S.K.: 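Got a structure for you, written out below as structure tokens; questions coming shortly.
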Amino acid sequence: MPELPEVENVGRAIAAALIGRAVTGVKAPFSGVLGQSLRATRKALVGKQLADVHRHGKYLILNFTGEGGGEAHLMIHLRMTGQIFVMDGYVPDKHVHVSFDFDGVPVHYRDIRKFGRLVLVEDGRRPAALDHVGPDMLTVRWSEWHARAAHRAAPIKAVLLDQGVAAGLGNIYVDESLFLARVHPEARPRDLDDATLREVLKRAKQVLRLAIKHGGTTFMNFADFHGRPGNFRRKLRVYGRGGEDCRDCGGTLEKTVVGGRGTVFCPRCQS
DNA sequence: GAATACCTGAGC
DNA sequence: GCTCAGGTATTC
């Protein structure tokens with residue numbers, strides 16, 4: 001499941017491989033993942049070159065510029081199973097829904113569940129589509145996050161997943177952050193003191209940074225650009241380990257549902 | 001603020 | 001053949 005670290009790595013890979021190259025063609029065997037028609041997408045992108053790649057939370061925005069100064073901005077959200085491949089010899093299968101040609105370099109968008117979207121937007125950094133999305137989790141300041149989160153009565157896990165508070169955490173890294181901060185997923189932010197909340201934010205940023213460094217987590221579907229899995233999975237402390245031993249205290253990790261999501265935590269360490 | 005729709009593959 | 005997984009938009 002791509003969350004902020006996986007999206008960051010995809011964005012970096014796209015930037016490294018494609019900046020300076022122009023879109024020369026777009027095909028879409030399944031155009032349902034496009035926010036606009038294939039025709040409109042072609043019209044906006046063909047002939048323009050990739051100038052930079054911007055990430056906000058789990059959203060990527062590819063910014064294009066044309067010869068005559070025209071611009072286009074393609075916002076990508078991979079949701080659950082979206083992948084982008086730029087590999088020599090890659091043969092698209094039935095899950096590849098859109099393929100771009102960048103001056104002869106093929107770029108494929110693959111998405112088993114078709115949840116992801118590639119949408120043309122009007123702005124390269126803060127399009128209207130992101131109005132309801134909070135600041136990026138990696139860079140949000142304590143004061144800003146505190147103002148948005150500290151009064152909330154919902155379980156802290158739900159608040160961390162709420163992209164309107166701060167954007168980027170998904171189910172994996174929320175469970176990991178709360179374990180590292182030693183906070184119970186059902187604890188309510190308004191009942192927690194500032195030192196504890198500060199610890200949660202600090203640990204969330206720490207786990208995101210570390211996961212970026214390790215190429216992200218491959219659990220079900222994530223693979224980088226070249227088809228390689230991320231290797232953060234072996235660093236996971238709780239996610240996917242329900243019923244197994246806590247790596248800190250040796251107790252048994254518990255699996256429950258919080259805010260409608262599968263949740264793993266250590267009842268002894270996170271009290 | 002909670003339930004539902006969107007999808008498909010994996011694992012019973 | 002059924003259930004589960006889950007990010008987000010939408011709807012109650």
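Chain letters run A, B, ... following the sequence lines, proteins first and then strands; every chain starts at 1. This structure is a prediction, so every number in the text was calculated from the model and none was measured. Just the heavy atoms: all of them, side chains too, but no hydrogens, waters or symmetry mates, feed the values below.
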S.K.: Check the pair A:V107, A:L18 against side-chain contact (heavy atoms from CB on, under 4.5 Å), reporting the backbone distance first and the verdict last.
M.R.: CA-CA 9 Å; A:V107 177; A:L18 301 174; 3.7 Å; yes
S.K.: Output the single nucleotide from C:dT8, C:dA5, B:dC7 whose closest atom is nearest the side chain of A:Y239.
M.R.: C:dA5
S.K.: Yes or no on side-chain contact (heavy atoms from CB on, under 4.5 Å) for A:N63 and A:H54, after CA distance, side-chain angles and deciding distance?
M.R.: CA-CA 8 Å; A:N63 292 310; A:H54 174 66; 4.3 Å; yes
S.K.: Measure the distance from CD on A:E3 to P on C:dG7 and round it to the nearest whole Å.
M.R.: 6 Å
S.K.: What nucleic acid atoms does A:F30 come within less than 4.0 Å of, heavy atoms only: base, sugar-phosphate, or nothing?
M.R.: nothing
S.K.: How far apart are the C-alpha atoms of A:H97 and A:F30, what are their side-chain angles, what is the distance that settles it, and do they pass the ring pair (Phe, Tyr, Trp, His ring centres under 6.0 Å) test?
M.R.: CA-CA 5 Å; A:H97 308 307; A:F30 175 74; 5.3 Å; yes
S.K.: Looking at A:H95, does any N or O in its side chain come under 4.0 Å of the phosphate oxygens OP1/OP2 on B:dG9?
M.R.: yes
S.K.: Between P on C:dA5 and CD1 on A:I112, what's the gap in Å once rounded to a whole number?
M.R.: 17 Å
S.K.: Check the angle between the aromatic planes of A:F232 and A:H214 and answer parallel, tilted or perpendicular using the 30° and 60° thresholds.
M.R.: tilted
S.K.: Is the shortest side-chain N/O distance from A:K114 to OP1 or OP2 of B:dA5 below 4.0 Å?
M.R.: no
S.K.: Less than 4.0 angstrom between a side-chain N/O of A:K58 and OP1 or OP2 of C:dT8, yes or no?
M.R.: yes
S.K.: Under 4.0 Å between a side-chain N or O of A:H77 and OP1 or OP2 of C:dT8?
M.R.: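 Checking A:H77 against C:dT8: at least one side-chain N or O falls below 4.0 Å of OP1 or OP2.
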S.K.: Figure out the CZ/P separation between A:R152 and B:dG1, and round it to whole Å.
M.R.: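 In whole Å, B:dG1 P lies 5 Å from A:R152 CZ.
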S.K.: In this structure, how many angstroms lie between the C1' atom of C:dA9 and the CG atom of A:D131, rounded?
M.R.: 15 Å
S.K.: Please work out if A:A154 contacts a base, only the sugar-phosphate, or nothing of the nucleic acid, heavy-atom cut-off 4.0 Å.
M.R.: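 It contacts sugar-phosphate atoms only.
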S.K.: The side chain of A:F115 lies closest to which of these nucleotides: B:dT8, B:dC6, C:dT8?
M.R.: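 Taking heavy atoms from C-beta onward, the closest nucleotide is B:dC6.
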S.K.: Are A:D136 and A:R55 close enough for a salt bridge, meaning some N to O gap below 4.0 Å?
M.R.: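 Result for this pair is yes, salt bridge flagged.
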S.K.: If I take atom OH in residue A:Y59 and atom P in nucleotide C:dA9, what distance separates them, rounded to the nearest angstrom?
M.R.: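 To the nearest whole Å, that distance equals 4 Å.
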S.K.: With a 4.0 Å limit, can you tell me whether A:R261 has a side-chain N or O closer than that to the phosphate oxygens OP1/OP2 of C:dG7?
M.R.: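 The answer is yes; a side-chain N or O of A:R261 sits under 4.0 Å from OP1 or OP2.
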S.K.: Return whichever of A:T263 or A:A129 has its heavy-atom-nearest nucleotide of DNA chain C closer to the 5' end.
M.R.: A:T263
S.K.: Tell me the interatomic distance from A:I76, atom CD1, to C:dT8, atom P, rounded to whole angstroms.
M.R.: 15 Å
S.K.: Determine the contact category for A:G262: base if any of its heavy atoms lies under 4.0 Å from a base atom, sugar-phosphate if only primed atoms, P, OP1 or OP2 are that close, otherwise nothing.
M.R.: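 Sugar-phosphate, no base atom in range.
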S.K.: Taking only side-chain nitrogens and oxygens of A:Q163, does any of them come within less than 4.0 Å of OP1 or OP2 of C:dT8?
M.R.: yes
S.K.: Let me know the distance between CG of A:L34 and P of B:dC6, rounded to the nearest Å.
M.R.: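 Taking atom P of B:dC6 as the reference, CG of A:L34 is at 19 Å.
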S.K.: What integer distance in Å separates A:H132:NE2 from C:dT10:C1'?
M.R.: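 Atom-to-atom, A:H132 to C:dT10, this comes out as 11 Å.
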